There are 2 protein chains.
Amino acid sequence: MNHQDRSYKDKKVISIGTVSELTGLTLRQIRYYEERKLIAPYRNERGTRKYSFIDIETLMDIADKREDGVQTTEILKEMKLKEKQRESDAEVRKKMLRGQLNAQFNIGRERN
Amino acid sequence: MNHQDRSYKDKKVISIGTVSELTGLTLRQIRYYEERKLIAPYRNERGTRKYSFIDIETLMDIADKREDGVQTTEILKEMKLKEKQRESDAEVRKKMLRGQLNAQFNIGRERN
DNA sequence: CGTGTAAGGAATTCTGACACG
DNA sequence: CGTGTAAGGAATTCTGACACG
């Protein structure tokens, strides 16, 4: 996935009515999940909410969990946890790469 | 670019006001280019136009050409020409692949 | 040809609030 | 807590048309 594509997923350009159609959620629900900090739409000049495709995916996850009876507070915790996991995974990858580079460098030195 | 990403670029979910902001074109211009068949937004149940990111890219190309004084008829021709080129390119790729497969097959036969 | 604009109507979106369970 | 709903106002979008160069 290149930069260009990423920008599409992230770009907040979809209005709430369309999001409602795409997710099957009511306007009320979508706005409420925002109130509970589960999503953060962009607001244009005159306050209209704009969502990205990522927001839509998040909303669909939320919908599934709500159907299973999970409360918004719990969903928020889960989302934050996953965020932390992604961060630490990225950290691990960075360290592994550094380790490999060091190994390479040492092999190079041994040969001289 | 996987299927998932493609669907984002192609999905017609952006309303004309947002497209106007993103492209710098007026509503009038955007609707006119549709009249001239340069773009084909989706229409939802009650007739509201919905555009994709691809449509937006196309509109930006159109804007550039219009600035250079190219008429919409010419732009339409250019777009159709490019479409044909893409088709024939795909055709060539398919033939090349077929050729390679045949070659492979023949080599296999020679060995037996 | 390409674009602006005023016109009238219909649908969208927003907020704050009351309701219910 | 999560969601529905009615309320009032502001902005959006649509179409068909006249205007201009």
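The structure presented is a predicted model; accordingly, all values stated were derived computationally and were not measured. The analysis underlying the following values was restricted to heavy atoms, covering all of them including side chains, and did not include hydrogens, waters or symmetry mates. Labels below follow one simple rule: chain letters A, B, ... track the order of the sequence lines, proteins then strands, and each chain is numbered from 1.
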Scan the side chains in residues 36-48 of chain A for donor-acceptor partners under 3.5 Å anywhere in the protein, sequence neighbours excluded, and list what turns up.
{"from": "A:Arg36", "atom 1": "NH1", "to": "A:Tyr32", "atom 2": "OH", "distance (Å)": "3.3"}
{"from": "A:Arg36", "atom 1": "NH1", "to": "A:Thr72", "atom 2": "OG1", "distance (Å)": "3.3"}
{"from": "A:Arg43", "atom 1": "NH1", "to": "A:Gly47", "atom 2": "O", "distance (Å)": "3.0"}
{"from": "A:Arg43", "atom 1": "NH2", "to": "A:Glu34", "atom 2": "OE2", "distance (Å)": "3.4"}
{"from": "A:Asn44", "atom 1": "OD1", "to": "A:Arg46", "atom 2": "N", "distance (Å)": "3.2"}
{"from": "A:Asn44", "atom 1": "OD1", "to": "A:Gly47", "atom 2": "N", "distance (Å)": "3.3"}
{"from": "A:Asn44", "atom 1": "OD1", "to": "A:Thr48", "atom 2": "N", "distance (Å)": "3.0"}
{"from": "A:Arg46", "atom 1": "NH1", "to": "A:Thr48", "atom 2": "OG1", "distance (Å)": "3.3"}
{"from": "A:Arg46", "atom 1": "NH2", "to": "A:Thr48", "atom 2": "OG1", "distance (Å)": "2.8"}

Can you list, pair by pair, the side-chain donor-acceptor contacts under 3.5 Å of residues 92-99 of chain B, counting residues two or more places apart and other chains?
none

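With values rounded to the nearest 0.5 angstrom, B:Thr73 atom OG1 is found 11.0 Å from B:Glu78 atom CD. For the atom pair OG (A:Ser20) and CZ (A:Arg28), the distance works out to 13.5 Å, reported to the nearest 0.5 Å.
If you check residues 60-79 of chain A against DNA chain D, the residues with a heavy atom closer than 4.0 Å are A:Arg66, A:Gln71, A:Thr72, listed by number. Of the residues in residues 25-35 of chain A, those lying under 4.0 Å from DNA chain D by heavy-atom distance are A:Thr26, A:Arg28, A:Gln29, A:Tyr32, A:Tyr33. A heavy atom lying under 4.0 Å from DNA chain C marks the following residues of residues 42-53 of chain A, by number: A:Arg43, A:Gly47, A:Thr48, A:Arg49.
Side-chain contact check for B:Ser15 versus B:Lys50: some heavy-atom pair is nearer than 4.5 Å. Considering only heavy atoms from C-beta on, B:Gln29 stays 4.5 Å or farther from B:Ile62 through its side chain. A 4.5 Å side-chain heavy-atom check between A:Asp61 and A:Met79 finds every atom pair outside the cut-off.
Within the 3.5 Å criterion, the main-chain N or O of B:Gln71 finds no donor-acceptor partner in the side chain of B:Glu74. Listed for the B:Thr58 side chain is a donor-acceptor partner under 3.5 Å among the backbone atoms of B:Ile54.
Between B:Gly17 and A:Arg36, it is A:Arg36 whose nearest contact on DNA chain D lies nearer the 5' terminus.
Take B:Lys82 and apply the side chain to side chain contact (heavy atoms under 4.5 Å, CB included) test, not counting sequence neighbours, and it matches B:Lys65, B:Gln85, B:Arg86. Not counting sequence neighbours, the partners of B:Ser52 by the side-chain hydrogen bond (donor to acceptor under 3.5 Å, both in side chains) test are B:Asp55. By the ring-ring contact (aromatic ring centres under 6.0 Å, His included) test, A:Phe53 is found to be paired with B:Tyr8, residues two or more places apart in sequence or in another chain being considered. Residues passing the side chain to side chain contact (heavy atoms under 4.5 Å, CB included) test with A:Thr23, sequence neighbours excluded: A:Val19, A:Leu25, A:Ile30, A:Ile56, A:Leu59, A:Met60.
A nucleotide of DNA chain D counts as in contact with chain B when one of its atoms lies under 4.0 Å from a heavy atom; the first and last such, 5' to 3', are D:dT13 to D:dA17.
As a member of the Ile/Leu/Val/Met/Phe/Trp/Tyr network built from side-chain separations under 4.5 Å, A:Leu81 groups with nothing else and remains a singleton.
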- Writing each nucleotide of DNA chain D 5' to 3' as (, ), [, ], | or . by Watson-Crick or G-U pairing under 3.5 Å yields |||||.||.|.|.||.|||||
- Query: Does the side-chain contact (heavy atoms from CB on, under 4.5 Å) test come out yes or no for B:Glu21 and A:Val13, once each step is laid out?
  - Reply: CA-CA 10 Å; B:Glu21 284 174 25; A:Val13 293; over 6 Å; no
